Each structure stands twice: as structure tokens, then as C-alpha cells.
Amino acid sequence: MTWEIVIGLEVHAQLSTQTKIFSGASTTYGAEPNTQADAVSIALPGVLPVLNKGAVERAIKFGLATGAHIAPRSVFARKNYFYPDLPKGYQISQFDLPVVGMGALTIQVEPLSGPSTGSGFKPYEKVVRITRAHLEEDAGKSVHGSSQGMTGIDLNRAGTPLLEIVSEPDMRSAAEAIAYAKALHTLVKWIGICDGNMQEGSFRCDVNVSVRRPGEPFGTRREIKNLNSFKFMQQAIDYEVQWQIDTIESGGKVQQATILFNPDSGETRAMRSKEDAHDYRYFPDPDLLPLDISEEWKEQVRATLPELPEARRARYTGEYGLTAYDANVLTSSREMADYFDTCVGAVGAAGAKLCANWLTGELSAQLNRDGLDMTQCPVNPQQMGGMLARIADNTISNSGAKEVFRALWAEGGDADAIIEAKGLKQVSDSGAIEALVDEIIAANADKVAEYRSGKDKLFGFFVGLAMKASKGKANPAQLNEVLKQKLAG
Amino acid sequence: MINATLKHLSSALAAKHISSVELTQLYLDRIATHNPVFNAYTTVDAKISLAQAQAADARIAAGLAGPLTGIPFAQKDIFCAKGWRTTCGSKMLGDFIAPYDAHVISQFDRAGAVNLGKTNMDEFAMGSSNETSYFGDVRNPWDPQRVPGGSSGGSASAVAARLCAAATGTDTGGSIRQPAALCGISGIKPTYGTVSRYGMIAFASSLDQAGPMARSAEDCALMLNVMTGFDERDSTSLQRDQEDYSRDLNRPLSGLRIGLPREFFAEGLSADVGSRIAEAIAEYRKLGATVVEISLPNTRLAVPVYYVLAPAEASSNLSRFDGVRYGYRAPEYTDLADMYEKSRAQGFGEEVKRRIMIGTYVLSHGYYDAYYLQAQKIRRLIAQDFTDAFKQCDVIMGPTAPSTAFKLGEKGDDPVQMYLSDIYTIAVNLAGLPGMSIPCGFGDNAMPVGLQIIGNYFDEARMLNAAHQYQLNTDWHTRCPQGL
């Protein structure tokens with residue numbers, strides 16, 4: 001009998017505001033402990049929260065980008081619990097009235113390495129529903145063992161705005177969960193609401209996993225907390241799924257629990273069971289008014305939304321005739337897609353495929369080799385577009401272009417200048433090429449005779465001679481044509 | 001000088017009959033003499049006060065004085081004031097020196113007023129007798145065996161004993177009006193949202209509101225002019241044009257319609273208090289007002305609703321006092337949970353713990369709907385009662401408290417009896433309306449009786465007008481306790 005895996009995700013995306021969600025303290029990462037903890041962050045007696053509009057705008061952006069309902073009125077609630085890094089003794093969050101309602105995200109499911117996907121996996125598209133997204137503040141950090149066996153508290157992060165994005169349990173494999181997490185990660189960066197830096201904790205995933213026999217009701221889920229890399233997420237899901245299956249198959253029962261993944265051992269372990277679950281005593285925060293979002297505000301935010309990844313993918317496959325694979329790679333980040341669009345702008349729509357080939361091929365490979373991402377690319381899209389345009393108009397050959405690209409990468413500059421300086425311009429003057437071919441035919445009468453008597457293989461020999469004579473600058477296509485014509489007699 | 005109104009003090013200062021330093025010193029001397037009896041102040045800092053007085057004198061000399069410049073005020077110890085110990089009447093904050101100013105404090109500073117000291121109060125403003133303060137009982141200047149009311153009992157006592165020109169208070173369920181009544185002074189709780197709560201240590205955020213406590217309605221108006229105004233640091237602060245609350249003080253009262261709620265004159269009201277209120281209403285008729293009986297049918301639900309909602313908010317508001325970052329931490333503990341438990345068990349008093357327990361309970365899973373949500377619904381009904389009533393009248397009048405000041409310890413064993421002291425004031429907070437208390441005579445035990453005036457939203461100027469006209473025609477507000 002087979003098992004069906006059921007996965008839902010809760011993602012905490014740190015919103016890219018300059019200041020905290022309820023105070024003017026800075027949100028910059030990595031400052032000295034407690035240097036970004038103002039009176040509100042440390043919850044002095046008498047201080048009050050004031051909502052950061054920028055955080056709300058980012059939440060609206062997300063809702064619009066996922067086709068979700070934006071609540072005209074949502075409410076901030078207090079989630080009460082004691083912890084040293086929670087200065088007020090409650091977290092301001094949203095509970096029964098979140099700012100963003102049901103939405104959805106289209107994901108491209110790709111094969112994963114390892115046991116998650118077998119061979120014969122075919123990429124496919126899937127829609128994952130997003131239950132809700134709500135605004136809340138982050139807690140501070142406990143720094144254990146900082147001095148004399150004591151625990152230090154750093155409240156720099158306390159009050160940093162978060163958007164908690166909760167999916168429906170729509171995913172049926174680790175591959176789907178990773179694809180969803182990646183698509184979400186791309187989207188929040190794409191629309192500029194989160195820097196997506198997973199090492200710094202700007203994008204953290206909690207994964208709810210359960211297994212069931214196909215057709216049966218959902219099994220009991222366990223929640224893997226705080227995964228901050230896609231690799232760990234895959235490992236954690238694989239381990240957890242196998243653990244749950246083994247548990248059930250050996251006659252045991254899965255108990256609802258919150259669990260942690262240990263990347264060193266590759267195992268998950270229970271942190272707390274349902275019985276120890278907190279009673280958070282949620283109630284509306286009387287210090288904050290309900291959050292009202294007018295149609296007008298919503299439309300103002302909508303006007304700032306860029307073209308979304310899904311729309312771009314559709315445009316690339318539809319208008320430019322690119323493959324789904326190319327379209328996916330080109331929309332893996334907004335920087336990549338914008339880069340591509342700039343290149344196409346320089347070359348023209350007819351050269352889109354050429355641009356796609358170069359970006360997914362040579363450029364991506366070079367970035368990889370140097371360990372850079374798109375934002376650090378030394379060749380800007382104007383330079384790249386300038387070069388691609390010279391390929392498209394036959395000024396340079398593909399191999400000449402590689403030389404131009406290497407020069408652009410190493411020294412920068414302008415493609416035309418490099419072509420000029422290195423003498424890479426193809427000879428496309430038909431008179432010159434004809435003269436050259438005539439000369440070769442005259443000098444090699446015997447080979448011409450052999451060719452004409454049926455020895456077709458000699459064609460390459462003539463191409464070689466002609467290229468050599470042109471010092472490699474003859475336009476290959478044109479040269480071929482002229483040769484063919486003249487050799488035919 | 002100690003009986004002068006704020007207006008007279010201001011003129012005396014302007015005319016250089018007295019300097020702010022002299023006036024401040026006069027009060028500091030009185031505090032030194034009388035505070036050991038009344039215990040109205042938790043903290044006095046002559047150095048800071050006199051420095052402020054000096055600055056005020058310079059400002060007066062420079063011709064830059066405002067109506068409150070140079071006048072010494074007492075500040076309830078619930079307001080954070082930079083450099084001042086700010087205790088909120090609790091051991092929890094016994095050593096807490098506030099690093100910033102509450103909005104109210106900055107407003108007085110900006111006006112050039114002198115901060116004379118911090119006044120005692122029920123712990124975290126929870127109490128109606130000032131017996132829950134960690135810093136000891138406050139005594140009523142009219143009879144030191146009796147309570148001053150609470151929670152702003154220190155302010156009320158200080159004003160009545162002439163230990164300051166006037167004081168600030170805060171009112172969550174009657175904490176300005178009830179002590180004002182019990183000490184024979186005037187106090188007003190403005191419309192919710194009128195005075196910023198920034199820097200005022202929260203008890204129940206949706207009910208807390210600061211206001212003036214003084215010896216006359218006219219003084220209250222001058223103080224309100226300074227205390228009110230939009231503050232972007234408080235999201236519940238209302239964005240309205242600045243008002244002059246004294247503008248209507250001298251309007252005649254002919255045509256004023258006074259509503260008398262049937263429910264305020266029923267069982268539970270002491271006969272002597274009832275008589276004084278009736279006499280006050282008779283005075284108002286003489287001044288040209290008309291009287292109409294009204295009904296606030298949900299009045300009896302106000303106390304129970306309040307004791308669900310206020311503790312619910314308080315249980316959460318007081319979570320920050322955990323011994324981690326500031327405030328009291330138990331000297332010995334075994335682990336984190338033990339540190340929390342001991343610090344809070346030792347740092348909070350009985351009444352505060354009782355309310356935290358009630359609040360935690362009513363917000364708990366399975367009880368939230370039955371208590372908290374239900375109470376919120378009734379809160380709306382109570383507000384609706386007032387909305388309906390104000391269709392028939394301009395102001396509502398009645399007793400502020402059911403009896404005059406009781407003896408210390410008299411209600412100590414029965415919290416519910418104590419809670420009923422606020423039976424006439426609580427509904428006003430639940431509705432967010434402005435309410436005030438002015439003295440209107442004395443009860444059988446020679447203790448002051450307070451007349452409560454409740455206005456419609458933002459109708460403070462009209463209430464102050466009604467109070468001032470009464471005070472022009474009576475002298476209850478000018479009476480001074482013996483020996484003071």
C-alpha cells in the first residue's frame with residue numbers, strides 16, 4: 001500500500017521596511033546587541049505601538065500579487081506568553097481578522113535530487129492555495145552562554161515586521177513543498193517586500209507534514225519549525241515522512257507535535273507536544289485601532305506592482321516562443337527577468353531566443369563559476385544587449401561573441417569598441433567573399449574537380465581554406481552559400 | 001496664596017508678587033510638614049522642582065509666560081517623567097527611574113509648569129481607596145482616619161490639603177472622579193482619546209484616560225488646555241482642532257437640560273449623599289436649568305462588565321513586568337520559570353494579582369466567548385444607553401460615589417464592596433464619555449459629597465460651564481479641611 005504525503009507551509013517573511021512595525025527603531029541586520037532597541041522595543045512602561053504604514057503596504061502588495069482578498073478592516077491581536085525575548089509578554093499579531101485572505105500561487109514543480117523524486121519525473125505546474133497572510137512583530141533573540149553562564153537578550157530584532165503566510169495543505173511531496181517555498185521566495189523578493197535572505201532569517205519556513213492512505217482523511221500532522229534553507233527543508237521532510245510511515249506501519253500513532261530539524265544529524269525531534277501547547281489568550285489589542293484599507297489605498301499600491309513572474313513566463317513562452325524551461329530559468333528572479341528584458345529590448349523580439357540562450361548558457365555558467373548572483377553580475381544588461389545585437393545583425397560570429405563576452409566580463413567596456421579593437425567584425429561584404437572564394441577555386445583546380453565529381457566531403461576543406469584566408473572573419477553562413485554556389489559551377 | 005486659583009497664581013507670578021521659586025518652596029515646605037500625615041506623595045525632588053521654578057521665573061521675566069508657567073503641579077506617579085522615580089504605586093517599579101517623559105509631562109513642561117513631585121496611588125491604578133499602594137495608605141485631609149478614594153488618591157489628597165496648586169490624575173473606572181468626590185475637589189476625565197496615553201503606565205488601555213484634579217472647574221479647564229491635543233505616539237489619540245476649554249465658562253445656564261438617571265438614585269445610594277445631590281440639582285434649577293428623568297437601563301451591568309474587560313487588558317498590559325529588563329526581580333530563583341513566578345509574586349500586591357488572575361481567566365480558551373466577548377457586547381449596549389439619553393438632555397447629573405469617604409480598612413476584606421464604590425463612574429469609561437466631579441456639600445460624617453456631571457462626547461466645555469456656574473453660586477469648592 002502506498003502513502004500520500006500532505007504538506008502545508010507557514011512562512012515568515014521579514015518585511016523590508018527601514019523601521020520596525022510599531023516604532024521608529026531601525027531594522028538593519030547585524031548591529032551591536034540592543035543598539036536598535038528603543039523604548040517600544042524594550043517595552044518600557046507607558047510606551048505604545050504605532051503602526052508602520054510601509055509594513056501594511058507590503059502586505060497589500062503580497063495580497064494583490066497572489067490574487068487574494070485584501071480585508072477592508074483587519075484587527076491586531078495580542079498573543080500572550082512569557083519569554084525573555086518577548087519584551088511585552090505578548091506579541092502583536094493578527095488572529096481572526098488577517099489583512100490578507102485566501103489567495104493562490106502557481107508553482108513549477110521540478111525534480112529534486114535524492115530520494116524525494118524518482119527517475120522519470122516530469123516537471124509540471126500546480127496551484128497552491130494560500131489561506132491567509134497576516135502582519136505581526138518578530139521577537140528578540142536569546143543569546144545563550146554569552147557571559148558567566150547567563151543568557152543574554154538582544155532586542156534588536158524585537159518589533160521587526162513579519163508577514164506570516166499560511167498555505168493550505170495542498171502539497172503532496174517534498175518536491176512540491178520546495179517548489180512552493182521557492183516560488184514564494186522568488187515572489188516576495190520580486191515584488192520588493194522582503195530581501196529573502198535566508199541566512200539572516202528574513203525568510204523562515206515552518207512545514208506541517210502528515211501522511212495518509214490515498215482517499216482517507218488527513219493524518220495527524222507534526223510541524224517542523226524554522227527551516228532556513230531549501231536543502232534542510234527537503235532533508236527534514238524526507239526524514240519526517242519516513243518516520244511517520246515507519247511509526248504507523250509498526251503499529252504506532254503520530255501525535256501532534258512541534259518538532260525541530262537537526263541539520264547535523266539529519267533527524268527531526270519533538271520540541272513540545274499538543275498537551276504543552278500554550279493558551280495564548282488572543283484578544284484585540286486596545287492600543288491599536290482596527291486597520292482600515294480603502295479601495296483607493298489598495299489601488300495606489302496596485303499601481304506600484306511590477307509585472308509578476310507568472311505573467312512574465314506567459315509572455316516569454318507566448319510572445320517569444322521560448323520553452324517553458326527557459327521561461328522558468330529567466331523568471332527565477334526579477335533581476336534575471338529584467339536583465340533579459342533589457343537584452344531583448346536591445347536586440348529585438350526576433351532575437352529573444354538568442355538572448356535566452358546566452359543568459360541561461362554562457363552568462364549563468366560564468367556567474368556560477370565566479371560564485372556570483374545576478375545582482376553582482378559585472379556585465380550590465382546594456383553591455384550584454386549591445387553584444388547580443390551584434391550577433392543578431394551578423395557583425396560578429398558566435399565564437400567572436402564569446403571573446404567579446406570574456407572581455408566585457410574581465411574589463412567591462414562597450415561591445416562595439418571591443419569588436420573594433422580586437423578586429424572581430426565578420427566579413428559580410430558579398431563582393432569580398434566572392435573574390436576570396438574565386439581565388440581559392442582557381443588555386444585548387446584539382447580538388448574542385450574531385451568535389452564536382454561527387455566527393456562532397458571536400459566542402460569542409462574549402463570552408464577551412466576560405467576561413468583561413470579571411471582570418472576567421474568571414475560570415476560563416478554567407479561563406480557557405482557562396483562556396484556552394486561557386487563550387488557547383 | 002495656597003487657596004488661590006490658577007488664574008490668580010498666574011497673575012501674581014506675572015506681577016512679580018511672588019516668584020515661581022518662592023511658590024514652589026512654599027509648597028515644598030507644606031509637603032515637608034503635612035505629607036508625613038497624608039502620604040500623598042511618593043517622590044519629591046526639591047532640586048529638580050526648584051530648577052524648573054527658576055527656569056519658569058526666567059521665562060516669566062522674558063515675557064514668554066503661558067497661563068500655567070511657574071505654577072507647581074503634582075503628577076500622579078503613573079506618568080513617566082524623565083529622571084523621576086516612577087513607581088505606579090508598586091514594589092515592581094519601586095526603583096524605576098523613567099528615562100523618558102509621558103506626553104502629559106512634556107505638555108506641562110512645555111507650558112513652563114513646575115513638577116512638584118509624584119503622587120501616591122493605588123498599585124497600577126487598581127483600587128478605590130488608595131490602600132493598595134506599596135508606598136502606604138493615603139489619608140483624606142478632611143479626616144485622616146478615612147480614605148481619599150482611589151486610584152488617584154494621592155493627587156486628590158494633595159490638592160485638598162493644599163500641597164500643590166493642582167494635580168493630574170487618571171481615570172479607568174472612576175479614579176479621578178471618585179477621589180475628587182471623597183476629598184471635596186474638582187476633577188474631570190475627558191472623552192477617551194482626548195489626552196494622549198503615551199508614557200502613562202497602562203492599566204486598561206481602552207478605558208484609561210488622564211485628566212486634571214484641581215480646586216475648581218475653572219482650574220480644570222486651564223489644565224485641560226495644556227493636557228489635550230493630538231499625539232501621534234498614541235494610536236487612540238484623536239486628531240481634532242485644539243479647543244479652549246474655558247471658552248464657555250461664563251455662559252448662563254438657562255435652558256440647560258439636566259438628565260437624572262433613575263438608576264443612579266436607587267438602592268445602594270446613601271441618604272445623605274442623595275440629599276446633597278438633590279440640593280445641588282435644586283441650585284441648578286435656580287440657575288435656569290431644566291431637569292428631566294432619564295434611564296440608563298444597563299447601569300447594573302457596568303460593574304460586572306468592567307471587571308471582565310479591565311482585568312483582561314490589565315493581565316496583558318502587566319505582562320511586561322517580568323523581572324527581565326527593568327523593575328523588581330526576585331533575589332533568588334532556580335530557573336527562568338521560577339524567576340518569573342517569584343518576581344511577580346513578590347513584586348505585585350494582592351489586588352493586582354487578583355485582577356491578573358481574573359483577566360487571565362476571562363481570556364482563556366473556552367471562556368473568552370462567555371466572558372470577554374459577552375462583556376464587549378454589553379459595553380456597546382451601555383454606550384447606546386447614553387446615546388439615547390443625550391437625545392433628551394445636555395448633561396447627565398448624579399452622585400459620583402454612593403457614599404462619602406469610608407474608614408481605612410473598612411472595605412479591605414470584601415473586594416466586591418470596594419468595586420461598588422465606582423458603580424456610578426464606571427459606565428462613563430465603558431462608553432468613553434467625559435465625566436467630572438465637583439464638591440456639593442458634606443455628608444452626615446462631615447465628609448465631602450461629589451456631584452457627577454456626565455457630558456456627551458467632546459462636550460467638556462459645556463460640562464465645565466455647568467460646573468463653573470455652580471461654583472460661582474456656591475462655596476463648597478473653596479472649603480478647606482481644618483488645620484490646613
Side-chain angles (χ1 to χ4, degrees), chain A residues 21-24 34 37-53 75-92 95-96 139-140 142 144 149-155 158 277-292, chain B residues 78-80 86 88 90 92-93 96 98-103 124 196-202 204-208 231-237 309 312-313 315-327 336-337 339-341 344 359-368 372-373 376:
Chain A
I21 183 167
F22 297 119
S23 82
N34 295 313
D38 62 350
V40 172
S41 304
I42 63 176
L44 282 183
V47 296
L48 296 167
V50 177
L51 180 59
N52 181 339
K53 269 193 157 187
V75 169
F76 286 97
R78 294 184 182 178
K79 179 180 180 178
N80 295 283
Y81 66 95
F82 284 99
Y83 204 71
D85 63 21
L86 187 71
K88 295 187 294 300
Y90 58 84
Q91 177 195 28
I92 304 177
F95 186 49
D96 46 4
S142 296
H144 297 290
M150 312 238 287
T151 295
I153 307 292
D154 178 5
L155 295 174
H278 284 113
D279 180 352
Y280 291 118
R281 308 190 309 279
Y282 280 100
F283 75 106
D285 191 333
D287 286 334
L288 290 161
L289 304 174
L291 170 57
D292 289 329
Chain B
I78 199 168
F79 296 104
C80 286
T86 299
C88 221
S90 182
M92 189 54 93
L93 292 174
F96 179 71
Y100 76 103
D101 280 330
H103 179 76
F124 285 105
S196 167
R197 294 183 296 114
Y198 183 80
M200 182 177 126
I201 299 175
S205 315
S206 75
L207 300 160
D208 295 343
D231 176 16
E232 61 182 8
R233 298 168 301 181
D234 174 2
S235 306
T236 61
S237 170
L309 297 181
E313 294 182 17
S315 71
S316 177
N317 281 334
L318 268 58
S319 293
R320 69 187 59 199
F321 305 107
D322 56 6
V324 173
R325 299 167 313 288
Y326 53 78
L336 177 63
M339 192 274 278
Y340 282 148
E341 284 168 22
R344 288 169 64 84
T360 303
Y361 179 81
V362 301
L363 289 176
S364 297
H365 187 70
Y367 299 97
Y368 180 82
Y372 184 83
L373 272 190
Q376 286 290 25

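Both backbone and side-chain heavy atoms feed into the values below; hydrogens, waters and symmetry mates do not. Since this is a predicted model, take the numbers as computed values, not measurements. Per chain, numbering begins at 1; letters A, B, ... match sequence-line order.
With respect to chain A, the highest number of heavy-atom pairs below 4.5 Å among B:Cys88, B:Ala202, B:Ser364, B:Ala102 belongs to B:Ser364. Counting heavy-atom pairs closer than 4.5 Å to chain A, the top residue among B:Ser206, B:Ala337, B:Gly327, B:Ser205 is B:Ser205. When each of A:Ala43, A:Pro49, A:Ala39, A:Gly89 is checked for heavy-atom pairs under 4.5 Å with chain B, A:Ala43 comes out on top. When A:Ile42, A:Val40, A:Leu48, A:Asp285 are compared by the number of non-hydrogen pairs under 4.5 Å with chain B, A:Leu48 comes out ahead. Chosen from B:Leu93, B:Asn317, B:Leu373, the residue pairing most often with chain A at heavy-atom distances under 4.5 Å is B:Asn317. Of the listed residues B:Thr360, B:Asp234, B:Thr236, the one with more heavy-atom pairs under 4.5 angstrom with chain A than any other is B:Thr360.
Contact annotation for A:Tyr282: only backbone heavy atoms (N, CA, C, O) come within less than 4.5 Å of a heavy atom of chain B. Looking at A:Leu155, only its side chain comes within 4.5 Å of chain B, counting heavy atoms on both sides. Heavy atoms of B:Ala312 lying under 4.5 Å from chain A belong exclusively to its backbone. The contact between A:Asp279 and chain B is made entirely by side chain atoms (from C-beta outward), counting heavy-atom distances below 4.5 Å. For B:Ser196, no part lies under 4.5 angstrom from a heavy atom of chain A. At a 4.5 Å heavy-atom cutoff, the contact between B:Leu336 and chain A is made by side-chain atoms alone. Only the side chain of B:Phe321 comes within less than 4.5 Å of a heavy atom in chain A; its backbone stays farther off. With a threshold of 4.5 angstrom between heavy atoms, B:Tyr367 does not approach chain A through any atom at all.
Listed by chain and residue number, B:His103, B:Asp231 satisfy the side-chain hydrogen bond (donor to acceptor under 3.5 Å, both in side chains) test with B:Arg233 (two or more places apart in sequence, or in another chain). Under the side-chain hydrogen bond (donor to acceptor under 3.5 Å, both in side chains) criterion, A:Ser41 pairs with A:Lys20, A:Asp38, sequence neighbours left out.
Counting only distance, with no hydrogens or angles, the side chain of B:Arg320 and the backbone of A:Leu44 share a donor-acceptor pair below 3.5 Å. Here the side chain of B:Tyr198 pairs no donor or acceptor atom with the backbone of B:Glu232 at under 3.5 angstrom.
Taking the six-membered ring where the residue is Trp, the centroids of B:Phe96 and B:Tyr326 are separated by under 6.0 Å.
Annotation for B:Glu313 and A:Arg78: closest pair O-NH1, 4.0 Å, computed over non-hydrogen atoms.
In this structure, A:Ser142 and A:Tyr83 have side chains that are in contact, with non-hydrogen atoms separated by less than 4.5 Å. Side-chain contact between A:Asp287 and A:Phe76 is absent, with no heavy atoms from C-beta onward closer than 4.5 Å.
A:Phe82 and B:Tyr340 have tilted rings, their planes meeting at an angle from 30° to 60° on a 0 to 90° scale.
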